[in-house]
Amino acid sequence: MAARILHRLRHALAGEGGREERARGGCEAEEFPESSELEDDTEGLSTRLSGTLSFTSHEEEEEDEDEDGAGEEPGEPPQPTGAAAGAEDGGRVGPAAERPGSSLLTRQLQELWRKSRGSLAPQRLLFEVTSASVVSERSSKYVLYTIYLIRSGRFDKAPAAIARRYSDFERLNRRLRCRFGCDMAGIAFPRKRLRRNFTAETIAKRSRAFEQFLSHLHSIAEIRRSPEFLEFFFLQDLQAAQRLTCTGMYREALATWANAYRLQDRLGVCSSGRFLLTLAGLAVCHQELDELGEAHGCCEQALQLLEAQGSHPLLGPFLQAHVHLAWKVGKDKRRSEARLQDLQEAGPPLQQQPTLKECLIKEPLE
């Protein structure tokens with residue numbers, strides 16, 4: 001069997017060599033028609049990756065190796081291509097391909113593939129400037145950069161996006177250097193320019209620099225978990241959503257709360273107090289818009305996060321809202337009623353506890 005496989009492999013390699021010679025001759029005859037495109041791509045790639053920052057690590061190298069064949073469904077073996085496909089097909093399928101040893105080898109390869117796809121490297125968070133627009137106001141003119149937060153290896157149905165200007169990045173850089181002087185020493189930041197701030201070249205270079213800046217910050221665990229870094233992404237949305245909710249613009253507020261939810265989800269802070277406040281905002285807006293099922297789901301998610309906590313300022317309001325919404329949509333509310341009863345026996349009466357909407361309006365966001 002080994003001799004037969006070796007024979008097929010020799011034929012496949014010989015055929016591939018002939019094709020390469022013919023292709024080489026064809027390219028010489030056409031005087032390399034794609035050479036200019038190749039040079040342009042290489043130049044663009046080097047420009048995009050140029051700079052003083054480097055994010056290469058052992059974890060990223062392992063992840064890059066895992067991303068081979070990322071377009072295939074997990075659990076399915078990779079399809080052979082090129083010479084391997086030719087060696088495997090070999091024209092017709094003989095009896096040797098149906099032997100038990102061959103089937104056993106195929107099953108072993110499939111099992112090995114499943115195990116390798118199951119041991120995925122940690123997901124990376126990518127920051128991509130998707131657009132930049134020049135904004136002119138009465139007394140100022142600035143560039144507004146739109147940044148998408150993208151999880152590598154996953155498809156997100158709805159984007160998590162922020163819009164920031166140069167002064168926002170500069171403020172973040174200044175605050176982080178005050179707190180993390182040693183970690184920030186090797187991180188470059190684009191300097192301010194007195195002229196030509198609105199040319200396409202300057203905007204493009206700053207866009208790439210801001211992508212590198214955020215990626216480098218996120219690669220450092222202490223900075224990634226700091227309030228300064230996290231609130232740079234979602235605090236503005238929380239403040240805007242709170243204002244819209246207070247003024248009764250629930251549809252607009254709902255979209256802003258939802259974006260703040262996605263931002264915190266991408267950043268991995270789904271158990272913080274800010275995230276509970278976001279769930280409260282979503283529940284209130286859904287309820288005011290008569291979307292009771294969605295409001296009930298937000299309350300359930302919040303109560304799951306509060307499961308291990310004996311006391312929290314939002315626990316009572318969430319329990320009250322959950323009991324009311326469960327009765328409205330016909331869901332089981334006995335557990336929430338029991339928890340609410342225990343909470344009342346240990347604390348103030350139900351009449352003295354604020355509602356979820358009152359907690360949302362009164363919460364200071366600074």
Side-chain angles (χ1 to χ4, degrees), residues 160 225-227 229-231 233-251 253-366:
R225 294 191 290 263
S226 67
F229 178 77
L230 294 172
E231 291 179 355
F233 291 95
F234 55 79
L235 183 59
Q236 289 187 22
D237 272 5
L238 293 181
Q239 293 170 337
Q242 187 185 49
R243 289 193 299 268
L244 291 168
T245 305
C246 291
T247 56
M249 303 176 67
Y250 298 112
R251 183 63 65 185
L254 182 62
T256 312
W257 286 118
N259 189 60
Y261 178 99
R262 291 191 293 269
L263 288 169
Q264 293 172 84
D265 178 51
R266 304 288 197 278
L267 294 165
V269 287
C270 294
S271 58
S272 64
R274 301 292 199 196
F275 190 72
L276 287 171
L277 188 70
T278 305
L279 288 173
L282 288 169
V284 168
C285 290
H286 279 304
Q287 187 173 2
E288 293 291 341
L289 294 170
D290 204 28
E291 299 169 351
L292 303 183
E294 290 82 355
H296 177 265
C298 293
C299 291
E300 277 201 335
Q301 185 177 356
L303 291 176
Q304 289 175 2
L305 294 174
L306 292 167
E307 185 75 31
Q309 300 189 29
S311 62
H312 190 279
L314 290 175
L315 179 58
F318 267 120
L319 285 171
Q320 291 183 58
H322 186 260
V323 169
H324 175 72
L325 290 167
W327 176 75
K328 285 278 191 180
V329 299
K331 299 286 186 179
D332 185 17
K333 55 185 174 61
R334 289 172 294 180
R335 186 177 181 185
S336 293
E337 286 177 331
R339 291 181 67 185
L340 188 59
Q341 182 66 32
D342 295 340
L343 193 64
Q344 286 178 312
E345 293 175 357
L350 182 63
Q351 293 77 13
Q352 298 180 10
Q353 292 187 5
T355 64
L356 198 60
K357 187 175 182 180
E358 290 172 346
C359 291
L360 186 66
I361 292 173
K362 295 177 180 178
E363 179 69 21
L365 289 173
E366 298 177 357

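Counting from 1, the numbers follow the sequence of the chain as shown. The structure presented is a predicted model; accordingly, all values stated were derived computationally and were not measured.
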Could you tell me which non-hydrogen atom of A283 sits nearest to which non-hydrogen atom of A295, and how far apart they are?
O-CB, 3.5 Å
I need the minimum non-hydrogen distance between C246 and I361, along with the two atoms involved.
SG-CG2, 3.6 Å
How many angstroms lie between CD in Q301 and CG in L282, if you round to the nearest 0.5 Å?
9.0 Å
Pair E300 + K331, salt bridge at N-O below 4.0 Å:
no
Full working for side chain to side chain contact (heavy atoms under 4.5 Å, CB included) between L254 and E288
CA-CA 10 Å; L254 182 62; E288 293 291 341; over 6 Å; no
Those residues that, when tested against E294, pass side chain to side chain contact (heavy atoms under 4.5 Å, CB included) (two or more places apart):
H286, E291
How long is the span from the CZ atom in F233 to the CZ atom in R262, to the nearest 0.5 Å?
15.5 Å
Which atom names give the shortest non-hydrogen contact between R339 and L303, and what distance separates them?
NH1-O, 3.8 Å
So which atom in T245 and which in A253 form the shortest heavy-atom distance, rounded to 0.1 Å?
OG1-CB, 3.4 Å
Side chain to side chain contact (heavy atoms under 4.5 Å, CB included), that's the test. Do L360 and L356 meet it? Break it down for me.
CA-CA 6 Å; L360 186 66; L356 198 60; over 6 Å; no
Interatomic distance, CG@L244 vs CD@Q239, rounded to 0.5 Å, equals 12.0 Å
If you compare all heavy atoms of L292 against all heavy atoms of K328, which two are closest, and at what distance to 0.1 Å?
CD1-CB, 3.9 Å
Roughly how far, to the nearest 0.5 Å, is CD of Q304 from CZ of F318?
12.0 Å
On a heavy-atom basis, which atom in Q242 and which in L365 lie closest, and how many Å separate them?
OE1-CD1, 3.6 Å
Listing, residues 266-278 side-chain donor-acceptor contacts under 3.5 Å, not counting sequence neighbours, or none:
from : atom 1 : to   : atom 2 : distance (Å)
R266 : NE     : D156 : OD2    : 3.4
R266 : NH2    : A158 : O      : 2.7
S272 : OG     : V269 : O      : 3.2
S272 : OG     : F275 : N      : 3.4
R274 : NH2    : E231 : OE2    : 3.3
T278 : OG1    : Q264 : NE2    : 2.8
T278 : OG1    : R274 : O      : 2.8

Which of parallel (below 30°), tilted (30 to 60°) and perpendicular (above 60°) describes W327 and H324?
tilted
Starting at SG of C285, measure out to CZ of R251 and round the result to the nearest 0.5 Å.
9.5 Å
Among V284, L279, L238, D237, exactly one meets side-chain contact (heavy atoms from CB on, under 4.5 Å) together with W257. Which residue is that?
L238
Supply the atom-to-atom distance H322 NE2 to L315 CG, rounded to the nearest 0.5 angstrom.
12.0 Å
Report the residue from R335, K333, R334 that forms a salt bridge (charged side-chain N to carboxylate O under 4.0 Å, His left out) with E337.
K333
